[in-house]
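Convention: sequence-line order gives letters A, B, ...; per-chain numbering from 1.
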Amino acid sequence: MSAPPLILMQGISKRYGELWANRQVTLAVAAGEIHALVGENGAGKSTLMKILFGLVQPDEGNIHLDGKPVAFKHPKEALRAGIGMVQQQLLIFPQLTSLENIVVGAEVRRWGVLNRKETRRKVEALCCSFGFDLPLDVHADEISFAHRQQMELLRLLYRGARILLLDEPSSLLAPAEIERLLALLRAFRAEGHTIILTTHRLREVFAIADRITILRRGELAGTWQRDQTSAQQIASLLVPAGDDAAVPNGDGINYLSPGRIAGSLSENASSPSSRPRPESMKDQECWITAPAADSDPEFVDMTGNGGEAMLGQPSSELPPEAPPILSVETVTAQSVHQEPGITDFCLQLREGEIFGMAGVVGNGQRVLALLLAGMHRVSAGTIRLGAHDITNTPTAARLEMGIRWLPENSLEEGALAELSLWENLLLGFQRRPSNQTLGWLHKKRIMQKAESRLELSRVAYTNITQPLSDLSGGNQQKVILERALTEPLKMVLLEQPCRGLDIHAQRETHRRIRSLIRAGVTFLIFSYDLEELLSLSHRIGVMYRGRLMGVTHTHRAERELLGQWMLGAPE
Amino acid sequence: MSIARNQHPIIKQLEPLVATLYALMAGMLFCIILAYFLGTGSFELISAIWEGAWGSPNAAAATLSKLTPLLLTGLAVSVAYQAGLLNIGCEGQLTLGALSAACFALTASQLPRLLLMPLTVLVGALAGALWTLPAMWLRQKRGVHEVVSTLLLNYVAIYLADYLARGPLGDGSAMARTAEIPLESTWRAVCSVGTIGVTAAPWAALIAMCLVHVWLYRTCGGYEAGACRSNPLAARAAGIPVNRRQTRSFLLSGALAGLAGALEVAAVHHRFYAAFSPGYGFDGITVAFLVNNVPGWTWLSALLIASLRAADKWLQLALGISPSTILVLQALLLITVASRVRLPVPGRTRRRSLLGHLFGYPEQTRQ
Amino acid sequence: MAAFQLFLVTLGKTTPILLACMGGMISELAGVINFALEAMMLTGAFLAVWLAFVSGSPWLGLMGGALGGMLIGLMHSLACLKFRTNQIVSSIALNLLAAGATGVLLNQIFGVYGTSPSVAKLPTLRQCISESLPFVDNGPAWTSGEISILAPLAIALSLLTMAFFRWSVWGLRIKACGENPLAAKAAGLPVTLMRSLVVLTGGALAGMGGAYLSIGELSAFVEHMTQGRGYLAIAALILGRWKPLGILLAALLFGFSEAFSEWLAVSWANLPHQFFLALPYLVCLAVLTLQIGKTRPPSSLGRL
């Protein structure tokens, strides 16, 4: 790198209260490269990009663009300098058309009058040259997630952005859609664009990145050329040394260590039988003798789940005699809130099972969860819990039967932010005879119980009457999870249980789930993260357009097949 | 790890009191500024307000008579607010409550007093409650925000009452009013302040306030209403029938506003006038928001607003300034206090309130 | 002839509602709830009279009306966008403030209660025509009715708004602010500034609506003279579904029912004219109940 870097961020620091989001981070990006920012959740990748884009102002540090110092106070200035960003949370104008969404703020105009024809021609030309297939005249809230992402990319390209910042662009896409995205990014690079992207999937990093920068807890761990490093090295750098020891080994499960990642990398994805199983020596050999990593190294998940999978399934195989607990029989349900419905859906879960439900975002997973939680009406078919028909049982009764639901954005959809901790734990159980007599709440008893539960789940709080929103985000999620695990438990629906949690909290959650299945609790876990499901569940199903494409045992799962299912390809 | 903020529960309990005191201080400040503009002394202005409200027994009686409807409408607004709804239709509910109470007392005049008196008031409350039903239906079935529908219903109620009082239910005079209700249905004075008799209506309102407060903070129903306000989705997922709970709270809210109207008829005017309310329904919003919508403290803000409202004529007599000064003062108080009220708007993070600035609550830490 | 007269009165009654409604529409399209139209109208009505009184020119009075509305708009945008007050509560407080402040100022400036001294009125359409076109002797037949010049101006402004949101870049950008302020910011739009300006402009429109009441229809300010027309404008806004053409039609309907109830009160005094006064609200409620077609308010209405 003898040429001066296109972007140079030096000594960037940003603090939120006690927490350093970035601390003395230095990043140099050369013109025309794809630069990957890698790090676990909360490592400060997004913050760094937001600082570059002018959405967040750094506390310290300076930024040079093309050798000239710049300080963007507003995204508009960054855009003018040719920097554009696609944030993880897509920013769309729901009631404007895609075309309007793309051009707003930078329209082709004369004396303030919008020239629709010319604008459209420009956008269509862009679509053609990069191979986008975006419908232009449809309201943005009616198009698919992948299209919305295309729309955002077009918005930047249309503005002539030469430097694209992409925050976790692949996290909600199906494998084939990811391939498409990567092809697009290569096309951008060929056109001379510079791309900085964050991702938590090493496979993508090694597929397209030219250089890799690692952030660790807000600090820089280093920058490497892609061909001068290996996935093993990157993975070992992601988690600071000594972290392993810090994690309690409650279940006797050993957590991620670099050596295991290395093993995972040498595994050949296309042959499921080679997926290492802890209990089988044969598999172990298979793993050791598997061909070395080829040019497209295997997906390594930074959260460490990949490593866990190695030592594997907590309770190993589900005992075959485990009785079925939940059966969904040819259930059909309407769509709701733009979430597609499900048709003729069949599913059977057994007691003590962890079932992972995979699929691209918006293929009916939400409706299925709502149905099972009793929040949505079944049009046809029956749902049974044990011997009971619960097709039309109201939510409150399901709670009493032991069905719990942790919604996707548990803080937005499950938290009573300005109410106190005990009130949050009480929600849903306020009518239990132990909590009330004739409508009169036994406040003292409830608060004592809540205190002991929070202590057990190690929530950091000072007073049981303080509002939930006073706690940190992680602790709030713990409280909501604690409520969702209120006894008696039979079956728990978890939507994206680990999204937004740091690695410790994720491990904690996984440990909790594994310890509960021994007591016969069944879990149905919805996740967009295939790796998480592969590491956690006994069986995996894939949903596509409201149907169950297929179900497979995790140890026999083939990623390619799952990927095909996710896009609706038949077996 | 965040540093959880250390706030003693008692401080939290007293927050409405602190808010009102703070509003009072702000009010004093506004008085000084207003007095400067009006060309009177600031002390004269403040003392004139005091004189007008509490200076003589008659003034005190007038203030007390305003206290009842203000307390009840304030309570109505806070009950709805505590279930996540904003009821700005108290004026209409109050008007119809008063009209129905008067009509009932006139038609059922042969009932014994023991039955007639409470029934009159209850019918008023019932009418007020029923008038909230269209708003709830529109909200739940058609997604129309209750602020819009209650606002529209206000006008429908006011014109309806005007028409009925002039026409079919009127007393035949040119004024828009009903005939006088039978003596058996009225509330008699239990004591007199100055030359004016004071009925038990303020006490009834205070009792209603205590009941609402206890219901809200000590019972399952109140807890469920609070959950509906805080996060309807979470409440629904917890098996709480959100729509039914909100309807219940809104019915209660309408009933309280209707009760305010009925008590005005039964205890003060003894008949229905088309324009008997000088905007009690709208003032209820100020009353509720001054104490952060905590029902138990509504008496304090109702007292404050009643004092201000009772003093407006006195300002004109004593200082020769417009009675509208009181409106300005009230508006300034509301906007000052409202600047620290946070409605639960999704996607917004908690901010430090104005109170927080004053008393130094640490800012929330983020992770 | 009676029908023609009714039409003119309808136009006259439509004008203030239409102006206020347009003011509300643009501010709500930008995502700011505007329940303070009543306050804007009242302040506009007062300042119009004051400026007309001081200057003697009703045209300066009209400007004063716009300024009055903008003053309230400024306070509303400060409260909502700077201090992040709840937008509905801020509006209610402002309505109260305007009702009080105009009363106080009426007393302070003119030394009277209730009604201000009378000031010069805005010219009627007929006066304008015979002034600018002296060769047209009495004006063509259709101008024979007396109607304030502000009425055709309001209709023209409404058409202008329609064109603005249909073709102009800024119309699109304003809508973007109301759809998703975060996305608008990321698209490089100065969201807060635009929202404040739009609320101010909306205030100017609503203030002109108020000025119509005081120096267009009457020639004096009367305390509480808006009589809930600001709220009526909100009803028209919902009925018109945040669309320029829709609110024009809604305002015409409301203007007609007001004119008709007045006519009814004169012609058949014993018929319930209150029904026609309540008609706008009833129609609005009915439409909300039936919900023909599907339109949503701006996606981020009331959110910062």
Next item on the list: Sort out for me which of Val148(B), Leu160(B), Leu333(B) touches chain C most, counting heavy-atom pairs under 4.5 Å.
Entry: Val148(B)
Item checked: Residues Asn95(C), Tyr231(C); criterion side chain to side chain donor-acceptor pair (under 3.5 Å); working and verdict -> CA-CA 10 Å; Asn95(C) 288 340; Tyr231(C) 297 121; 2.9 Å; yes
Margin query: Quick check for you: among Leu329(B), Leu151(B), Leu332(B), which has the greatest number of heavy-atom pairs under 4.5 Å with chain C?
Written below: Leu151(B)
Checklist line | Under 4.5 Å from any heavy atom of chain B - which part of Phe35(C) | finding: side chain
Next item on the list: Below 4.5 Å from any heavy atom of chain B, which atoms of Leu277(C) appear? Answer side chain, backbone, both or neither.
Entry: both
Next item on the list: May I have the step-by-step check of side chain to side chain contact (heavy atoms under 4.5 Å, CB included) for Ile88(C) and Leu86(B), ending in yes or no?
Entry: CA-CA 9 Å; Ile88(C) 295 169; Leu86(B) 199 50; 3.7 Å; yes
Margin query: Only pairs of heavy atoms separated by less than 4.5 Å count here; which of Ile158(B), Leu34(B), Asp162(B), Ile326(B) has the most with chain C?
Written below: Asp162(B)
Note to self: Can you see whether Gln93(B) engages Asn154(B) through a side-chain donor-acceptor pair at a distance of less than 3.5 angstrom?
What the structure shows: no
Checklist line | Which portion of Phe282(B) sits near chain C, non-hydrogen atoms under 4.5 angstrom | finding: neither
Notebook entry, point to check: Given the rule in the side chain to side chain donor-acceptor pair (under 3.5 Å) test, do Asp283(B) and Gln330(B) qualify, once you have shown the distances and angles that lead to the verdict?
Noted result: CA-CA 9 Å; Asp283(B) 283 350; Gln330(B) 198 182 323; 2.9 Å; yes
Margin query: With a 4.5 Å cut-off on side-chain heavy atoms, are Leu153(B) and Pro134(B) touching?
Written below: yes
Check: Without hydrogens or angle criteria, can the side chains of Asn180(C) and Ser300(C) be said to hold a donor-acceptor pair below 3.5 Å?
Finding: no
Notebook entry, point to check: Checking Leu38(B) against chain C: side chain, backbone, both or neither under 4.5 Å from a heavy atom?
Noted result: both
